[in-house]
Amino acid sequence: MFFHIVLERNMQLHPRFFGRNLRENIVSKLMKDVEGTCSGRHGFVVAITGIENIGKGLIRDGTGFVTFPVKYQCVVFRPFKGEILEAVVTMVNKMGFFAEAGPVQIFVSNHLIPDDMEFQTGDMPNYTTSDGSVKIQKDSEVRLKIIGTRVDATEIFCIGTIKDDFLGVINDPANA
């Protein structure tokens, strides 16, 4: 799920970036450092939408660097247990498959895949129904439900299922 929140960060800036466009240098360094990162508490920072406040800088002794407290608004993505997501399959093996929904990687175990789907080996490993009408392989789009999350300091891991109503393959690249 996406949230729009306000966060704070202390930005260290080298003296060579001081001058007329100090604010632009702070903002560009903030975007470079923050966008695309993950904090376990808030989730993945998708984009910075605005700068609320840049505080007074504090000179670091001996280095010349200055630390600026920056308060900014951003969009974050944090998956929750029970959430339904659409994801793209990245890898299929006999244990299940991995899919990505934006920055989040989700593992779906073979126990959480419908019983009528069997693993097929070959040059393109996949899970196929007995009549061959539905196939899950690399680059397939699936709708899945998150049944568990594990949060580390810098990463979020998810376990998902497609063994429920209205879940499964949305778009199969083999049929496109």
Side-chain angles (χ1 to χ4, degrees), residues 1-60 65-91 96-109 112 136 138-173 176:
M1 196 171 293
F2 293 94
F3 298 98
H4 193 238
I5 62 173
V6 175
L7 294 176
E8 288 187 51
R9 183 180 179 98
N10 288 327
M11 298 300 301
Q12 280 201 346
L13 208 59
H14 191 274
R16 75 170 159 251
F17 296 112
F18 298 171
R20 198 173 329 153
N21 40 357
L22 175 65
R23 182 180 171 81
E24 289 79 20
N25 288 333
I26 293 172
V27 171
S28 66
K29 183 170 179 6
L30 178 72
M31 288 182 168
K32 191 175 81 98
D33 291 354
V34 172
E35 286 182 349
T37 62
C38 176
S39 80
R41 183 170 181 206
H42 300 291
F44 294 92
V45 177
V46 178
I48 293 173
T49 57
I51 304 296
E52 284 197 356
N53 183 28
I54 298 176
K56 292 188 187 287
L58 182 68
I59 300 172
R60 310 309 284 153
F65 278 84
V66 176
T67 303
F68 293 93
V70 181
K71 199 174 201 181
Y72 59 97
Q73 300 171 354
C74 62
V75 175
V76 294
F77 174 66
R78 182 153 166 45
F80 289 98
K81 185 177 176 180
E83 189 174 354
I84 308 290
L85 293 175
E86 294 180 359
V88 177
V89 176
T90 55
M91 188 176 80
F97 65 86
F98 288 92
E100 287 182 352
V104 177
Q105 190 168 44
I106 304 157
F107 177 68
V108 179
S109 167
L112 300 169
I136 297 174
K138 188 177 187 310
D139 296 327
S140 295
E141 293 177 21
V142 294
R143 180 174 294 126
L144 48 82
K145 181 178 183 178
I146 295 176
I147 59 169
T149 60
R150 189 180 95 219
V151 179
D152 282 353
T154 59
E155 213 166 357
I156 300 175
F157 304 96
C158 295
I159 303 293
T161 182
I162 59 169
K163 207 174 189 178
D164 212 344
D165 292 339
F166 307 109
L167 301 180
V169 176
I170 303 168
N171 187 14
D172 185 2

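Treat the numbers as computed from the prediction; the structure is a model and nothing was measured.
- Nearest heavy-atom pair, Tyr72 versus Glu8, reported as atom, atom and distance to 0.1 Å: CE2-C, 4.1 Å.
- The shortest distance between side-chain heavy atoms of Leu13 and Leu22 falls below 4.5 Å.
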| Which is it for Val34 and Cys74 under the side-chain contact (heavy atoms from CB on, under 4.5 Å) test, yes or no, and what are the steps along the way? | CA-CA 10 Å; Val34 172; Cys74 62; 5.9 Å; no
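- Across every non-hydrogen atom of His42 and Ser39, the tightest pair is N-OG, 3.2 Å.
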Using a 3.5 Å cut-off and no angle test, enumerate the donor-acceptor pairs between side-chain atoms of residues 152-170 and protein atoms at least two apart in sequence or in another chain.
from	atom 1	to	atom 2	distance (Å)
Thr161	OG1	Leu112	O	3.1
Thr161	OG1	Lys163	N	3.0
Lys163	NZ	His111	O	3.4
Lys163	NZ	Asp115	OD1	3.2

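- In this structure, Lys71 NZ and Ile54 CD1 are separated by 13.0 Å, a value rounded to the nearest 0.5 Å.
- Separation of atoms CZ (Arg9) and CG (Leu30) is listed at 7.0 Å; rounding is to 0.5 Å.
- Relative ring orientation between Phe107 and Phe98 is described as tilted, the plane-to-plane angle lying within the 30° to 60° band.
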Show me the side-chain donor-acceptor pairs of residues 43-53 shorter than 3.5 Å, one per line, residues at least two apart or across chains.
from	atom 1	to	atom 2	distance (Å)
Thr49	OG1	His4	NE2	2.7
Thr49	OG1	Gln73	O	3.3
Glu52	OE2	Gln73	NE2	3.0

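- Here the CG atom belonging to Asn25 is positioned 10.0 Å from the CZ atom belonging to Phe18, to the nearest 0.5 angstrom.
- Between Gly148 and Lys81, the shortest heavy-atom contact is N-CG, 4.4 Å.
- Listed here is the closest heavy atom pair of Phe68 and Gly55: CD2-O, 3.6 Å.
- Distance CD/Gln105 to CD/Glu100: 5.5 Å, rounded to 0.5 Å.
- Below 30°, between 30° and 60°, or above 60°: for His14 and Phe65 the angle between ring planes is above 60°, a perpendicular geometry.
- Rounding to the nearest 0.5 angstrom, the gap separating the CG atom in Asn171 from the CZ atom in Arg143 is 11.5 Å.
- The structure places CE of Met1 at 9.0 Å from CG of Leu85, a figure rounded to the nearest 0.5 Å.
- Side-chain contact between Thr149 and Arg78 is absent, with no heavy-atom pair separated by less than 4.5 Å.
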